[in-house]
Amino acid sequence: MALADDFGAKYLNWSDTKILAFQKALLKWYDLEGRRLPWRSDHDPYHIFVSEIMLQQTQVQTVIPYYQNFMTVFPTVLDLAEASETKLLKAWEGLGYYSRVRNMQKAARQIKNEYSGNWPTSAVQLQELTGIGPYTAAAIASIAFGQPVAAIDGNAFRVFARLLKIDLDITKRQSRPVFQTIGDHLISQERPGDFNQAVMDLGTSYLTAKNPEPENSPVREFDESFADGTTLDYPVKTLKAKPVDLYYYALAVQSPAGWLFEQRPAKGMLARLWMFPLIDRADLDDSQPLMSQVATRFKEETGVTAEFREVQMKPVVHTFTHQKWHLEILVAELSSTPDLSLFPGQWLDSTMRAESPLPTVQLKLNRQLFT
DNA sequence: CACTCGTGGCT
DNA sequence: TAGCCAAGAGT
């Protein structure tokens, strides 16, 4: 059967017989060599959901311990819906892209309130839930509910681009429907979830981005870029911008009650996580004494009077996707504990610090100061 | 649509 | 090392 979509047909002209043979080869390999992973032990939609959100832009070996802990702390979707923000963010601490976990709770509350705790089973309905996009909706629908819809993630883009020599730039939004159409035509009707996971396992084994081994792939006979030695020409993607350098003072202020931490704003980087207050060095005037400018700005923000001094250590450097932070620590010690009613922050002792969700960059600062 | 949003591993 | 990459989604 030819592809109804003309654009997909340009790249996929396999016969039904060939498609079935491809599915058979891929699934045979998956049954023998597929990875055993914690979230593959059953088809519980909540398990699939949590693992898929964690796996967004994140490697499997990073996710495994977070997944295990998350299932202990929030065993069911109702536990997730009812969790406190602190406990929720703490379970995600260090995993990055923190909006994922807040969106996950919104979705859990939608399941609870709009679906009476029962998961919708179609990809279209699943994609209505906050934080669930086309990939994750397809993954849950196929793995948990057996719906034959292709889950197009980075692996699927790379695998299909190489197998079929698809020269579309996968970073362009217009390319997704083409890959979706092709994946939907290739997917096994009998085992759609296993098919999707097999494509991903293939993309992390023989058809990796770097150092692929297409000659050892279980579907090498179906691999059109391997046939002419152009594997590394696919997929086509445009380059990312490099992170911008930003220079901050990180203010480490100690009172008898503990160290001063600021809860970051609800939007933007590291939203609602706790950090030392930062001062952008670009906002300071180099021709004036820096420490007195820092004290003035700190007083304006917090209402607290403090005298800062530099500490002899290398700046803490931390790279995000779009920013590279260079943090120089300034220390101040207070003999009493000022009130913080004007400032979204708290004095945290070591116990409270351990309970508060901190981004990795703050954990680096902690290591400098508290060890 | 282009941009934002983290982190760790690898070369 | 600096850059690239990894089971994306929201705006």
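All values below come from the heavy atoms of this structure, side chains included, with hydrogens, waters and symmetry mates left out. Throughout, protein chains are lettered first and strands after them, A, B, ... in sequence-line order, and every chain is numbered starting at 1.
At whole-Å resolution of the value, NZ in A:Lys242 and C1' in B:dC3 are 19 Å apart. Put simply, CZ on A:Arg176 is 16 Å from C1' on B:dA2, counting in whole angstrom units. Distance NZ (A:Lys237) to C1' (C:dG3): 13 Å, rounded to an integer number of Å. Residue A:Leu232 contributes atom CG, which lies 16 Å from atom P of C:dC4 at whole-angstrom precision. Distance, A:Asn155 CG to C:dG8 P: 7 Å, rounded to whole Å.
By the 4.0 Å N-to-carboxylate-O rule, A:Glu328 lies close enough to A:Arg281 to be salt-bridged with it.
The base of C:dG10 lies close enough to the side chain of A:Arg173 for a donor and an acceptor atom to sit less than 3.5 Å apart. No donor-acceptor contact under 3.5 Å links the side chain of A:Thr136 to the base of C:dG8. In terms of polar N and O atoms assigned as donor or acceptor, the side chain of A:Arg158 never comes within less than 3.5 Å of the base of C:dA6 in a complementary pairing. Between the side chain of A:Thr58 and the base of B:dG6, a donor-acceptor pair under 3.5 Å is found.
Proximity note for A:Arg100 (side chain, C-beta onward) versus B:dT7, B:dG6, C:dA6: the nearest is B:dG6. Proximity note for A:Thr321 (side chain, C-beta onward) versus C:dA9, C:dC4, B:dT7: the nearest is B:dT7. In the set B:dG8, B:dC5, C:dG8, the nucleotide with an atom closest to the side chain of A:Gln323 is B:dC5.
The OH atom of A:Tyr11 sits 12.5 Å away from the OG1 atom of A:Thr181 when rounded to the nearest 0.5 Å.
Taking 4.0 angstrom as the limit, A:His318 places none of its side-chain polar atoms (N or O) nearer than this to OP1 or OP2 of B:dG6. Applying the 4.0 Å criterion to OP1 and OP2 of B:dT7, one finds that A:Tyr98 has a side-chain N or O inside that range. The shortest distance between the side-chain N/O atoms of A:Gln57 and the OP1/OP2 oxygens of C:dA6 is not below 4.0 Å. Remark: A:Thr360 is in phosphate contact with B:dT7, judged by side-chain N or O atoms under 4.0 Å from OP1 or OP2.
In this structure, A:Thr62 and A:Lys172 both approach DNA chain B, and ranking their closest nucleotides by distance from the 5' end singles out A:Lys172.
A cation-pi arrangement is absent between A:Arg297 and A:Tyr249, since the terminal nitrogen or guanidinium carbon is not both under 6.0 Å from the aromatic centre and inside a 45° cone about the axis.
Using bins of under 30°, 30° to 60° and over 60° for the plane-to-plane angle, the ring pair A:Tyr67/A:Trp39 lands in the perpendicular bin.
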